[in-house]
Amino acid sequence: MRAYRRHVGTAIAIVLSLSAGAADAAVTVEIVEPSNKFIESDTIPVRVAASSSPDDLYYVEAEFEGLIIELTPAEDGYFEGSFDLGELGGELPYGPHVVTVDAFSTFGDWASAQHTLHRYSAPPTLGWNVLPNDTLTAGWRFDAKCIPTPPYECQHLAAFFTSADANVTLYNEASSSEPSSVPGRLHVKEWRYGDSYQIPSGRTYTLTIEASDGVGPIVTRTVGPIHVDRSPQLTVVQRAPGAILDFDATRLLVLDHRGRIAIVERATQAVTWLGTIPQEDAPLSSVYGALTPTGAVYQGTNGYILSWVNGSRNTIARAARLDAVNGDTAVFTTTSDDRAIARSLSTGTSTLLWSSPGSPSPFQSDVTASGEIYFGTYESGSIVGPGGSLLGDHEGNLQRPITDGTNVAGRWWDGRVSSSYLYTADGEEVFLGDSITSSSAGLVLHAGHAGFLKTDGAVNQVWLRTADGEQHQISNFTKPSQFDQAKVRVGHDGLSDTGDVLFLNDGKRYIGRPGGAPERISTDLGHGRWLDGSWYVTIGNTLFQVASAGGSPARLAATAAFAPEDGGAREVLSTSFTVDELLDAPASARDLHEPDALPVASDGSALIGDGNADGDLAPAAAGCSAAGPAGSPSGATALAAALAGLLALARRSRPRS
């Protein structure tokens, strides 16, 4: 038998004191050690306090799983010994085990005490039916299970859905009146009553699940983000293996909860992983990007802009911000916003668009499908077009210009309102109206139509200018409306071919048409987009088609992928998720660039810096520039000087209050 080792610092034990049957018993015994709940080694030390009156103890013994040892007196008056589990002749079974101590006196009296120990190494298994970036939809109710390891039973199971606006708790206890159909298990399921669900729609949650068998530690898992939108007008087209950043008729650009970015072929569901986004500098929620004819381009969390071109990954820039993408062209700036570069993704050619060293003025641009670029800075009086052409000359601060390849539009903030102007292919300037500047980007252009925000004196309303020049008020709400905008696609997704307008109001998404009341289609989660004859919405990892009364049949292939629509058949049994694998993506702070370069202060005077003022362009400067070969200081300087001169001529003196 192994020698007993005294454990220093042992806390007061669970004490059991029994006698021969009366309160004035002649013998008492209490177990001092073991004082814990678990068997942690192959030796179990035993230490007890035993006494009799008169003081005439005859024998003290301990029993464990058939092993019986005599406890011998120690110098400090206790009785000690230890069990060697190797003497059991085999592995001690998983589960509870009892140490029993008996003390006898020479008068035939005795007392007994017991302490329960556990051979414990397997906590309960948690199962649930959602993954990071999932969207709970109509017909899909959350449920979770606690699956114990026999002989233990689950005692507690709870799921906590936490958002900025609402918290929901689902729980079950072993003592409740809802027994599991499988003994020992616990189960929680979101209730549904008619069209009402326990977890409210229109919110993004972090899910925390906890369970306990009453013996081991509480098991906790955290999963997020989880989105909830059960709008009946949304029909699932496809689910992806990550959050959808962009899509077209054949592909998805997705980012999973581990930071891996991929292109998914929609017809075959083949996944091409492009790389892993580092997460040291910013949350994954700050990553954005777009599909291109040759692959994709995307913004990382560490200031890197990368592209995937014909199967090859390229670093476009470091310490930079991706501003606009269309077709084969991407526009980006240094994080200090004092230089802007256009990049041909297929050839790798970079062209300096604008340079103003030390300028704090945000640069914003838009690109046509053919690669023509329109841009402006916050201090600009005019929109700069191809060849240095200038559109408009207005007081105030220029916000992002928008083009659909036919028309161009811009807004100028004068300290009170933003004034919107449209420039037609014929060179006509059309005043669209004034909007209150506390809204998001106020312009969308498509197929000759223009959507714009216009104040009614109290809040912004949505208006439409059709391709033939007619203007129609689309919304008439008491709360301000705004367009449904997404980075890189600002001004591109809110209009259909026929002039239907997609917009947001008071947490809801609407489609508006001239002459009719706006039609509510969903909550404001995710992003809506017109493509190939139908409206679509992406929320998390889910692509929806909008079942709109005025919509056309979908032209995207409706293939179910990666998860069933009802969601209930999928069970994720997870003690395999680790903390590092789970996404914790708090909402990123709004910056000056998206969806608008709006002032922070009400008078438009305060601007916030945007990072490293000494942004590194390498290797983006490789290739040819508009004014000379790569690395030619004279060519870049000449172009910058020419543009600066044009802007100086166009800019009036605009005092800022």
Side-chain angles (χ1 to χ4, degrees), residues 202 364 366 376 378 392 394-402 404 407-422 430-446 449-466 470-487 489-496 499-530 590-604:
Q364 294 186 322
D366 199 12
Y378 197 63
H394 297 288
E395 299 290 339
N397 301 116
L398 175 61
Q399 297 163 7
R400 178 182 296 277
I402 303 296
D404 61 357
N407 297 324
V408 182
R411 300 203 302 167
W412 282 263
W413 154 252
D414 69 359
R416 298 177 301 106
V417 296
S418 283
S419 300
S420 298
Y421 294 87
L422 178 76
V430 179
F431 175 63
L432 298 177
D434 293 332
S435 64
I436 301 171
T437 59
S438 59
S439 65
S440 63
L443 293 168
V444 288
L445 300 183
H446 177 68
H449 305 290
F452 57 97
L453 297 181
K454 184 176 179 179
T455 179
D456 61 7
V459 299
N460 285 336
Q461 303 293 350
V462 175
W463 283 69
L464 171 72
R465 184 185 189 272
T466 62
E470 294 183 355
Q471 292 195 16
H472 304 269
Q473 183 173 345
I474 300 301
S475 72
N476 188 23
F477 292 108
T478 58
K479 294 186 178 181
S481 296
Q482 60 186 26
F483 290 117
D484 189 355
Q485 306 281 24
K487 285 187 175 182
R489 300 199 59 86
V490 173
H492 283 267
D493 293 343
L495 285 170
S496 74
D500 294 351
V501 187
L502 190 72
F503 66 96
L504 308 174
N505 187 279
D506 194 25
K508 306 172 186 64
R509 181 175 284 111
Y510 293 88
I511 295 175
R513 305 175 181 89
E519 176 189 2
R520 178 181 170 181
I521 61 170
S522 67
T523 72
D524 64 355
L525 290 184
H527 177 60
R529 178 179 174 187
W530 176 264
R590 182 180 182 276
D591 62 30
L592 282 170
H593 305 99
E594 296 297 348
D596 257 340
L598 292 177
V600 175
S602 60
D603 62 359

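Here the structure is a predicted model, which is why all the values come from computation and not from measurement.
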When rounded to the nearest 0.5 angstrom, what is the spacing between CG in Asn505 and CG in Asp524? 10.0 Å
Test side chain to side chain contact (heavy atoms under 4.5 Å, CB included) on Leu443 and Ser420 and set out the steps. CA-CA 8 Å; Leu443 293 168; Ser420 298; 3.9 Å; yes
Look at the rings of Tyr421 and Trp412 and say which category their plane angle falls in: under 30° parallel, 30 to 60° tilted, over 60° perpendicular. perpendicular
Return the minimal non-hydrogen interatomic distance between Ser475 and Gln461, and the atom names on each side. OG-OE1, 2.6 Å
What residues, two or more places apart in sequence or in another chain, satisfy salt bridge (Lys or Arg N to Asp or Glu O under 4.0 Å) together with Asp414? Arg416
Asp506: salt bridge (Lys or Arg N to Asp or Glu O under 4.0 Å) partners, not counting sequence neighbours: Lys479, Lys508
From CA spacing to verdict: side chain to side chain donor-acceptor pair (under 3.5 Å), Gln399, Ser418: CA-CA 9 Å; Gln399 297 163 7; Ser418 283; 3.0 Å; yes
Nearest heavy atoms of Thr466 and His449, plus distance in Å: CA-ND1, 3.5 Å
How far apart are the closest heavy atoms of Arg411 and Ser435, and which atoms are they? NH1-OG, 2.7 Å
Write down the atom of Phe483, the atom of Val462, and the distance for their closest heavy-atom approach. CE2-CG1, 3.8 Å
With sequence neighbours left out, write down each residue that passes salt bridge (Lys or Arg N to Asp or Glu O under 4.0 Å) with Arg509, or none if nothing qualifies. Asp484
Atom of Leu464, atom of Phe452 and distance for their closest heavy-atom approach: C-CE2, 4.1 Å
Could you check whether any side-chain heavy atom of Arg529 comes within less than 4.5 Å of a side-chain heavy atom of Arg489, counting everything from C-beta outward? yes
Does a donor on one side chain and an acceptor on the other come within less than 3.5 Å for Asp434 and Thr455? no
Do you know which two heavy atoms are closest between Leu445 and Leu422, and how far apart they sit? CD2-CD1, 4.0 Å
